[in-house]
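No hydrogens, no waters, no symmetry mates; every other heavy atom, side chains included, goes into these values. Here is how names work: the chains are called A, B, and so on, in the same order as the sequence lines, proteins then strands, and each is numbered from 1.
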Amino acid sequence: MMCERCQEEAVVHLAELVDGRRRERHLCAACARDAGLILPDTPLDLGIDEALQDLIKKHVGELVGELAESFCPDCRLRYMDFRTGGRLGCPHDYQVFGAGLTPMLQRFHGATRHVGKRARSRPGASLRLRLRSQLRQAVAREDYEEAARLRDQIRLKDQHA
Amino acid sequence: MTLDDLTRTSGEWLRGTGPESDIVMCSRIRLARNLADFPFTNRASRSEKAGIESQVKSAIDSAGLEVSYFDVNSMSNLDRQFLVERQIISRELAGGEGPRGVAVTPKENISIMVNEEDHLRIQYMLSGFRLHEVWDEINALDDQLEDDIAYAYSSSLGYLTACPTNVGTGIRVGVMLHLPGIVANKQIDKVFRALQKINLAVRGLYGEGSQAFGDFYQISNQQTLGKSEEEIIKMLTDVVPQVLQFERSARQDLITGRRQHLHDQVSRAYGILKTAQTISSEETMLLLSSVRMGINLGLIDDLAISTVNELFIQTQPAFLQKLRGSELGVEERNVARASYLRSRLSNGRPVEDD
């Protein structure tokens, strides 16, 4: 099909309702751009992730305020990442994002407190999680001396675990 | 035990024994567990995943379990699919990345997936309707592993999991049911809706998103928080017998109303499976389902239920390719499938390896 403005091949086909009447338009890329129908000159990057995050931020952000921007100091997961991906990053997230998670748990499980089998208490484990996150950050900023120190510390804790 | 050894054996859960095994193929419980001192799998670096894997492997070793550990990371896609077909690993583990694997016992009752959505997904399966027995076994296994692993746990939220839908007990209690009667009398949607109303999930043989397959359906709990493991099991042991009763009466209606028609349908299904030269996976499932019901209703008396159960798994694409030792296209698989069916259903003709 030809573009309705010039003789190029039409690539944009638009059906719109104007005053309750259906109107069809067929345009080539250049004319469509002129008409303000498509924006990018570069390959079409729909930016779905960003668009989705923005959308969620717009709706959830209002509800949860600071929570939307909060993140876990250990695994660096942001609450927004969890809301889009559906997975938490580490055991600490349950504390860090407690305010957002509690209503979610209530909706899904109809409860917010565990009943049932109990795990044994291991006080050292949580410390090792923290040390490991510090190790990751030390490696990231190429502080290998600190990384080696942390690695030894974790190894020591592992032996006493 | 190697992967190739598995082509010559089959899981205990296919044996067709245990209570209500005419309808309940197997009972299964899985526990989601995480190590307290690592980020969850999706957030763990490659070296952390390797650390998780080595800790879990050493815990399995010290538990003295007789298991083989398969390194899913270094495995071919065909082998991964083979383990998915056998219900040993999930699609998620097969499609994941980085260090990950699964420990399996020779009878395939126990499988422990490492670095799936959670660090550990412990699964225990037994044939028939035996949820209490499965719970006793998996509970003890969980205790043994905990000797060497610090689980991520909070006193208020229970076992902490990557997805909040599993937090608390981390338990999924399920049964796999064969429901050709309810499918035939078109009441299956009604049954599903009733189950969903009480927060039970209904899935196909291969889990979430998989189509019902050979009239097999898995029924399991969805909620994991706020109820104890025993209460969750009781929900299933209360509800499943009602589904069984419904299925039995549907089968009874089929046989009293139109016995000859049903007998004909079952015999034709058996006949095709015994003699076909090429057959698709879908047709195989459909016919095997008919034959399975025929055996349970006494319409076929020269075929063991365990053979039919095994054939549901052993006519899947990856199994056939493992058996032939090479990758096969769809057409070649259909021929290999027909040939395998003829040999297993002993039609008297030797299996040609052409």
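Within 6.0 Å of atom CD in A:Glu8, 12 or fewer heavy atoms from other residues, nucleotides or ligands are found, so the atom counts as exposed in its surroundings. In A:Arg141, the CZ atom is crowded: over 12 heavy atoms of neighbouring residues, nucleotides or ligands sit closer than 6.0 Å. Atom CD of A:Gln106 sits in a crowded spot, with more than 12 heavy atoms from other residues, nucleotides or ligands closer than 6.0 Å.
Rounding to the nearest 0.5 Å gives a distance of 10.0 Å between CG of A:Asp81 and CG of B:Asn42. Once rounded to the nearest 0.5 Å, the distance linking OG of B:Ser45 with CG of A:Leu135 reads 8.5 Å. Distance check, rounded to the nearest 0.5 Å: CZ of A:Arg122 to OH of B:Tyr151 gives 9.5 Å. The distance from atom CG of B:Asp37 to atom CG of A:Leu131, rounded to the nearest 0.5 Å, is 10.0 Å.
Between chain A and the residues B:Asn34, B:Thr161, B:Leu35, the most heavy-atom pairs under 4.5 angstrom are made by B:Thr161. Between chain A and the residues B:Ser47, B:Ala152, B:Gly158, the most heavy-atom pairs under 4.5 angstrom are made by B:Gly158. When the candidates A:Arg76, A:Met104, A:Arg130 are compared by the number of heavy-atom contacts under 4.5 Å with chain B, A:Arg76 comes out ahead. Here A:Ala119 is the residue among A:Cys75, A:Cys90, A:Ala119 with the most heavy-atom pairs under 4.5 Å with chain B. Across B:Thr165, B:Ile171, B:Thr169, the residue that shares the most heavy-atom pairs under 4.5 angstrom with chain A is B:Thr165. When B:Lys227, B:Glu230, B:Glu48 are compared by the number of non-hydrogen pairs under 4.5 Å with chain A, B:Glu48 comes out ahead. Ranked by heavy-atom pairs under 4.5 Å with chain A, the first of B:Ile232, B:Thr41, B:Asp143 is B:Asp143. Most heavy-atom pairs under 4.5 Å with chain A: of the set B:Gln223, B:Arg33, B:Glu146, B:Glu229, this distinction falls to B:Glu146.
The side-chain heavy atoms of B:Leu160 and A:Leu88, taken from C-beta on, include no pair separated by under 4.5 Å. The shortest distance between side-chain heavy atoms of B:Arg43 and A:Arg87 does not fall below 4.5 Å. Side-chain contact check for B:Pro164 versus A:Tyr94: some heavy-atom pair is nearer than 4.5 Å.
Both the sub-6.0 Å distance and the 45° axial angle are satisfied by A:Arg132 relative to the ring of B:Phe38.
Residues B:Cys163 and A:Gly86 approach most closely at SG-O, 3.9 Å, considering heavy atoms.
Residues forming a salt bridge (charged side-chain N to carboxylate O under 4.0 Å, His left out) with B:Arg121 (at least two apart in sequence, or on another chain): B:Glu116, B:Glu117, B:Asp118. Taking the salt bridge (charged side-chain N to carboxylate O under 4.0 Å, His left out) definition, one finds that B:Glu108 meets it with B:Arg86, sequence neighbours left out. For B:Lys190, the salt bridge (charged side-chain N to carboxylate O under 4.0 Å, His left out) criterion is met by no residue, not counting sequence neighbours.
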Test side-chain contact (heavy atoms from CB on, under 4.5 Å) on A:Leu101 and B:Val167; report intermediate values, then the result.
CA-CA 11 Å; A:Leu101 284 169; B:Val167 77; over 6 Å; no
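Heavy-atom distances place the side chain of B:Tyr153, and not its backbone, under 4.5 Å from chain A. For B:Leu31, no part lies under 4.5 angstrom from a heavy atom of chain A. The parts of A:Leu77 that come within reach of chain B are both its backbone and its side chain, each placing non-hydrogen atoms under 4.5 angstrom from that chain. At a 4.5 Å heavy-atom cutoff, the contact between B:Asn139 and chain A is made by backbone and side-chain atoms alike.
Among the residues in residues 107-117 of chain A, those with a non-hydrogen atom closer than 4.5 angstrom to a non-hydrogen atom of chain B are A:Phe108, A:His109, A:Gly110, A:Ala111, A:Thr112, A:Arg113, A:His114, A:Val115, A:Gly116, A:Lys117.
A:Arg120 and B:Asp147 are joined by a salt bridge, as a carboxylate oxygen and a charged side-chain nitrogen come within less than 4.0 angstrom of each other.
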